[in-house]
Amino acid sequence: MITSTLISFTDWLSGTWLTATVASHFWIVPALQTIHILSVAVVLAGVVLINLRILGLVDKRETIEAVLDRFLVPIGIAVAVLAITGALLIAGEPTRALFRVVFWVKMALILVAGSLTWSHRWALSSGGDQVATVATGRKIVALTTLILWLAVIVAGRWIAYVEAWPGAPA
């Protein structure tokens, strides 16, 4: 069922002007990949700095709230850019990623990692964590968040090296 639905979707997408445009200009894919990678760097830098601050490993003089204020907006913008560039890269070669389990694992990891990243803001706004003392649970969330974002990066790179699932178009 999932494979046939994805085949129908990729067949439709392959016939659109978007796929034709991305596929017919040699510079578009490298440009999109460059923007995608730079956006990954923005997300990773912000996530690392937020979570290391929560873990108490960097800049203890600055409040967690100030660190969140500084980095959550750029992370959000970079995630939006990643979604757009990722969608355009998929449009250029619709069957390349969509029929690989690791792609869907990456999408799930992004949802969980993103939710955990923003959970720091929600925890602070609800009075869950004070600046002076961060609960052990919040530190576990911070460490888990770091690991999940790194897993997103690994999964993203892994997509190019795994085979499509059985029954998928070549």
Side-chain angles (χ1 to χ4, degrees), residues 1-54 67-125 141-165 168-169:
M1 172 68 178
I2 291 172
T3 300
S4 63
T5 302
L6 278 177
I7 289 172
S8 296
F9 174 72
T10 56
D11 286 347
W12 168 81
L13 184 58
S14 294
T16 65
W17 65 270
L18 187 58
T19 296
T21 301
V22 172
S24 66
H25 293 83
F26 76 93
W27 59 270
I28 292 179
V29 170
L32 289 171
Q33 288 174 335
T34 301
I35 295 166
H36 202 77
I37 290 167
L38 291 172
S39 296
V40 168
V42 170
V43 171
L44 189 60
V47 165
V48 165
L49 290 168
I50 287 170
N51 291 290
L52 289 181
R53 171 57 190 95
I54 290 168
V67 174
L68 290 168
D69 288 344
R70 182 178 308 124
F71 293 112
L72 282 180
V73 170
I75 289 170
I77 292 168
V79 168
V81 171
L82 286 166
I84 293 165
T85 57
L88 290 170
L89 287 165
I90 287 170
E93 198 174 355
T95 60
R96 182 169 181 255
L98 295 179
F99 294 96
R100 281 149 181 80
V101 172
V102 72
F103 170 80
W104 296 103
V105 169
K106 175 186 171 184
M107 295 299 107
L109 287 168
I110 290 169
L111 288 174
V112 176
S115 296
L116 290 178
T117 298
W118 268 268
S119 78
H120 298 314
R121 167 61 70 208
W122 303 321
L124 261 179
S125 65
V141 169
L143 185 58
T144 302
T145 302
L146 284 171
I147 292 167
L148 289 173
W149 279 114
L150 291 174
V152 168
I153 293 168
V154 170
R157 289 303 310 136
W158 196 5
I159 291 168
Y161 302 102
V162 296
E163 298 292 323
W165 62 61

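Below, all heavy atoms of this structure are taken into account, side chains as well, without hydrogens, waters or symmetry copies.
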Which residues satisfy the side chain to side chain donor-acceptor pair (under 3.5 Å) test with [X], sequence neighbours excluded?
X: Asp69; answer: Arg121
X: Thr144; answer: none
X: Thr145; answer: none
X: Ser119; answer: Arg138

[atom1] of [X] to [atom2] of [Y]: how many Å apart, nearest 0.5 Å?
X: Leu68; Y: Trp122; atom1: CG; atom2: CH2; answer: 11.5 Å
X: Ile37; Y: Ile153; atom1: CD1; atom2: CD1; answer: 10.5 Å
X: Leu44; Y: Ser39; atom1: CG; atom2: OG; answer: 12.5 Å
X: Leu13; Y: Phe9; atom1: CG; atom2: CZ; answer: 5.0 Å
X: Ser24; Y: Trp17; atom1: OG; atom2: CH2; answer: 11.0 Å

Which atoms form the tightest heavy-atom contact between Leu146 and Val48, and what is the distance?
-> CD2-CA, 3.6 Å
Among all residues two or more places apart in sequence or in another chain, which pass the side chain to side chain contact (heavy atoms under 4.5 Å, CB included) test with [X]?
X: Trp27; value: His25, Ala31
X: Thr34; value: Leu38
X: Val112; value: Leu116, Leu148

Main-chain N/O of Gly15 paired with Thr19 side-chain donor or acceptor, under 3.5 Å =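 Checked: no pair found.
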Quick one: side chains of residues 94-111, donor-acceptor pairs under 3.5 Å with protein atoms, not counting sequence neighbours, listed by atom name and distance.
residue : atom : partner : partner atom : Å
Arg100  : NE   : Arg96   : O            : 3.2
Arg100  : NE   : Val162  : O            : 3.0
Arg100  : NH1  : Thr95   : O            : 3.3
Arg100  : NH1  : Arg96   : O            : 2.7
Trp104  : NE1  : Leu98   : O            : 2.8

Under 4.5 Å between any side-chain heavy atoms of Val47 and Phe71, yes or no?
-> no
Within a strict 4.5 Å, meaning less than it, do heavy atoms of the Leu143 and Asn51 side chains meet?
->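 No, side chains not in contact.
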Looking at residues at least two apart in the chain, or sitting in another chain, which of them share a ring-ring contact (aromatic ring centres under 6.0 Å, His included) with Trp158?
-> none
Just distance, no hydrogens or angles: give the donor-acceptor pairs under 3.5 Å from side chains in residues 72-92, sequence neighbours left out.
residue : atom : partner : partner atom : Å
Thr85   : OG1  : His36   : ND1          : 2.6
Thr85   : OG1  : Val81   : O            : 3.0
Thr85   : OG1  : Leu82   : O            : 3.3

Can you pull the side chain to side chain donor-acceptor pair (under 3.5 Å) pairs that have at least one residue in residues 71-82, sequence neighbours excluded?
-> none
